[in-house]
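Below is one structure, written out as structure tokens; comments come after it.
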Amino acid sequence: MESQQSHEQLNVTFLPYPTPGHMIPMIDTARLFAKHGATVTIITTHANASTFQKHIDSDISLGYPIKTQLIQFPAAQVGLPDGVENVKDGSSLELLGKISQGIFLLQGQIELLFQHLQPDCIVTDMMYPWTVESAAKLGIPRLHYYSTSYFSNCASYFVRKYRPHDSLDSDDQKFTVPCLPISIEMTPLQLPEWIRTKNPSTGGFFEAMYESEKNSYGTLYNSFHELESDYEQLNKTTMGIKSWSVGPVSAWANKDDEKKANRGHMGESGKELEWLNWLNSKQNDSVLYVSFGSLTRLPNAQLLEIAHGLEISGHNFIWVIRKNDRDEDGDNFLQEFEQRMKESKKGYIIWNWAPQLLILDQPAVGGIVTHCGWNSILESINAGLPMIAWPMFAEQFYNERLLVDVLKIGVPVGVKENKYWFNIGEETLVRREEIMKAVVLLMGSSQESKEMRLKAKKLADASKRTIEEGGHSYNNLLQLIDELKSLKISRELDKSRLDN
Ligand code: UDP
């Protein structure tokens, strides 16, 4: 009986990349695997585990087979203080470099663990291309975990393949992204720099990452069929990549309020009630939530423009500000601003980290300003919210086009250039007038705003249905687990034939 069970038991090991936008959805996905018949191990370092272990313990107490396997972050070796193990702790370029180096050095420990754990499948973040070889050595499938949209993967693939921007005279001219079902226009400036450059060097990290997707068993997407079916299809056919859409995982894995509040963070108790009371005093759909994700720390000059833009829009807002470690003037301004907003009851500021899932679900919240990080987009869609698109870096400009041109639930604030927050200078600031215009359009009562709101609510219904029994994402996850079990059984049969 025991050996029968071990044959049927599917052991899946998850390896998240330690940045919230990648780690949060992967942990939720791992928990969903455990709830639907797989035995799950998550490999991570101590400080990273502490941000989600509460959820794992709660799943274990409910009887789900899931555990965290800790590895040691080489803090001393890379010159970092203990506990600085996540990209979100990188408040300067120097720190970011050391954290990346530390993550890179984990490879040896992880490979040893794979050998020790002998999983039946590994699900590893897109940022670990080398895990394709680890899986090959073990003779097991590797699933590539992609942390953004099908749309952005398709758009980026065709831009890299056909390089339509190479023939333009200047970086602010428009080109059409090739091979997409609808016409999508962008400028070279909105592309990540390594794609924009005229003579890209070959063999870089990103190329290895895209290659590793092709060489994997398939790709897991935190997305859902009803949201981007054309691009899900394009990804499978033209690009020839097997994939499963199993999202939105945050809505699926965190159905109760306590889980929503603590997701992705250790949680600071006490503060929660204050923002909730503030929101509860507001009318439905009257508050704009403003957040730039888990990494961005804007320069004070940009914070100042946002503060003025929000204030002159006249709309209510709740704004998450991540503290910048840089020594800058302007802190006083923000403190005075916070005080003034408190008195006028127009705005509420949350410093550093907000319980985003909980906030988005409050009836008073009627829209969001987002940097177009994929998780924030999905979470807002699940809450039925239209968005102001303020992309910053990486693939976020593709996501902006998805919101504005495809889904038609987004107002662009008008960002022109793909830049990391630490490179934002005076010339690339988004000005208060542009911010105010976008806020008034999104939060006002024009026909355009009503239509966006209606579309967003419809997508929210689809997002909730897809993770219920019988829904697309629900079926995809169960089908994938079954497929991985069959693969395991075939492997074991092959092995026993060889042994005999
Ligand atoms: N997040 C949060 N509170 C914050 C900032 C971020 O809960 O104050 C969560 C957010 O809900 C999302 C993730 O962190 O799940 C950020 O991922 P996203 O893809 O939106 O952007 P990134 O941080 O990777 O740029």
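Numbering starts at 1 and runs along the sequence shown.
Take Thr68 and apply the side-chain hydrogen bond (donor to acceptor under 3.5 Å, both in side chains) test, not counting sequence neighbours, and it matches Gln53. With sequence neighbours excluded, no residue forms a side-chain contact (heavy atoms from CB on, under 4.5 Å) with Lys416. Residues forming a side-chain hydrogen bond (donor to acceptor under 3.5 Å, both in side chains) with Lys137 (at least two apart in sequence, or on another chain): none. Residues meeting the ring-ring contact (aromatic ring centres under 6.0 Å, His included) test with Tyr221, sequence neighbours left out: Tyr146, Tyr150. The side-chain contact (heavy atoms from CB on, under 4.5 Å) test applied to Ala460 returns Lys464, not counting sequence neighbours. Residues passing the side-chain hydrogen bond (donor to acceptor under 3.5 Å, both in side chains) test with Asn375, sequence neighbours excluded: none.
Under the 4.0 Å criterion applied to side-chain N and carboxylate O atoms, Asp28 and Arg31 are assigned as salt-bridge partners. For the pair Arg142 and Glu133, the salt-bridge criterion is not met [side-chain N within less than 4.0 Å of a carboxylate O].
In this structure, a donor-acceptor pair under 3.5 Å is absent between the side chains of Thr41 and Gln69. Ser243 and Thr219 share no side-chain donor-acceptor pair at under 3.5 Å. Side-chain polar atoms of Gln356 and Ser376 form a donor-acceptor pair below 3.5 angstrom. Looking at Glu417 and Thr428, their side chains never bring a donor and an acceptor atom within 3.5 Å of each other. Between the side chains of Thr29 and Tyr145, a donor-acceptor pair is found at a separation under 3.5 Å. Checked by atom type, the side-chain pair Gln479/Glu483 shows a donor-acceptor distance below 3.5 Å.
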### Query
Between Glu211 and Lys214, does a salt bridge (charged side-chain N to carboxylate O under 4.0 Å, His left out) hold up when you go through it step by step?
CA-CA 5 Å; Glu211 264 316 287; Lys214 279 195 236 149; 2.8 Å; yes
### Task
Determine, stepwise, if the pair Val246 / Phe224 fulfils side chain to side chain contact (heavy atoms under 4.5 Å, CB included).
CA-CA 6 Å; Val246 297; Phe224 58 100; over 6 Å; no
### Message
The test is side chain to side chain contact (heavy atoms under 4.5 Å, CB included); show your working for Trp275 and Leu358 and say whether it passes.
### Response
CA-CA 11 Å; Trp275 65 259; Leu358 264 192; 3.9 Å; yes
### Worked verdict on Met23 versus Asn86 for side chain to side chain contact (heavy atoms under 4.5 Å, CB included)
CA-CA 10 Å; Met23 202 164 89; Asn86 190 293; 4.3 Å; yes
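No more than 12 heavy atoms of other residues, nucleotides or ligands lie within 6.0 Å of CD in Glu193, so this atom counts as exposed by the packing criterion.
Note that the NE2 atom of His22 and the OG atom of Ser294 stand 9.0 Å from one another [nearest 0.5 Å]. In this structure, CD1 on Ile481 lies 12.0 Å from OG on Ser486, to the nearest 0.5 angstrom. Rounding to the nearest 0.5 Å places NE2 of His46 at 11.0 Å from CG of Asn48. For the atom pair Glu232 CD and Trp244 CH2, the distance stands at 12.0 Å (nearest 0.5 Å). Taken to the nearest 0.5 Å, the CD atom of Glu228 stands 9.5 Å off from the CG atom of Asp230. Rounding to the nearest 0.5 Å gives a distance of 6.0 Å between CZ of Arg196 and CG of Asn418.
Side-chain contact between Leu10 and Val12: present, with at least one pair of heavy atoms (C-beta onward) separated by less than 4.5 Å. Residues Val290 and Ile318 have side chains not in contact (no heavy-atom distance under 4.5 Å, counting atoms from C-beta outward). Counting heavy atoms from C-beta outward, Leu15 and Val123 have side chains that stay 4.5 Å or more apart. Side-chain contact between Leu484 and Pro141 is present, with at least one heavy-atom pair separated by less than 4.5 Å. Between Phe14 and Met26 the shortest side-chain heavy-atom distance falls below 4.5 Å.
Counting only residues at least two apart or in different chains, side-chain hydrogen bond (donor to acceptor under 3.5 Å, both in side chains) contacts with residues 182-191 are absent. Within the structure, the ring-ring contact (aromatic ring centres under 6.0 Å, His included) test picks out the following pairs touching residues 109-138 (sequence neighbours left out): Tyr17-Tyr128, Tyr128-Trp130. Screening residues 465-492 for ring-ring contact (aromatic ring centres under 6.0 Å, His included) gives His36-Tyr474, His225-His472, Trp252-Tyr474 as the qualifying pairs, with residues at least two apart or on separate chains. Contacts classified as ring-ring contact (aromatic ring centres under 6.0 Å, His included) and involving residues 62-90 (residues at least two apart or in different chains) are not found.
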Pairs under 3.5 angstrom only: tabulate donor-acceptor contacts from the side chains of residues 395-410 to other protein residues two or more places apart or in another chain.
from   : atom 1 : to     : atom 2 : distance (Å)
Glu395 : OE2    : Thr148 : OG1    : 3.0
Glu395 : OE2    : Asn399 : ND2    : 3.3
Gln396 : OE1    : Met392 : N      : 2.9
Gln396 : OE1    : Phe393 : N      : 2.9
Asn399 : OD1    : Ser149 : OG     : 2.7
Asn399 : ND2    : Thr148 : OG1    : 3.3
Asn399 : ND2    : Cys372 : O      : 3.0
Arg401 : NE     : Asp405 : OD2    : 2.7
Arg401 : NH2    : Asp405 : OD1    : 3.4
Lys408 : NZ     : Asp405 : O      : 3.1

Determine all donor-acceptor pairs shorter than 3.5 Å in which one atom belongs to a side chain in residues 93-103; sequence neighbours excluded.
from   : atom 1 : to    : atom 2 : distance (Å)
Glu94  : OE2    : Lys98 : NZ     : 3.4
Lys98  : NZ     : Gly79 : O      : 3.4
Ser100 : OG     : Leu96 : O      : 2.9

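Ser291 places a side-chain N or O within 3.5 Å of a backbone atom of Gly293 that can act as its donor or acceptor partner. Checking side-chain atoms of Asn475 against main-chain N and O of Gly470 turns up a donor-acceptor pair under 3.5 Å. Asn476 contributes a side-chain N or O that, together with a main-chain N or O of Ser245, makes up a donor-acceptor pair within less than 3.5 Å. Checked by atom type and distance alone, the side chain of Asp125 never pairs as donor or acceptor with a backbone atom of Pro16 at under 3.5 Å. In this structure a side-chain-to-backbone donor-acceptor pair under 3.5 Å is missing from Glu379 to Leu360. Asn254 places a side-chain N or O within 3.5 Å of a backbone atom of Ser250 that can act as its donor or acceptor partner. Panel note: side chain Thr466, backbone Ser463; no donor-acceptor pair is recorded below 3.5 Å. Using a distance-only test at 3.5 Å, with no hydrogens or angles considered, no donor-acceptor pair links the side chain of Gln107 to the main chain of Phe104. Side chain of Lys495 to backbone of Ser490: no donor-acceptor contact under 3.5 angstrom is found. A donor-acceptor pair under 3.5 Å is absent between the side-chain atoms of Arg322 and the main chain of Trp351, judged by distance alone.
Relative orientation of the Phe206 and Trp194 rings is parallel, given thresholds of 30° and 60° on the angle between their planes.
For Tyr157 and Tyr210, the ring centers are positioned 6.0 Å apart or more.
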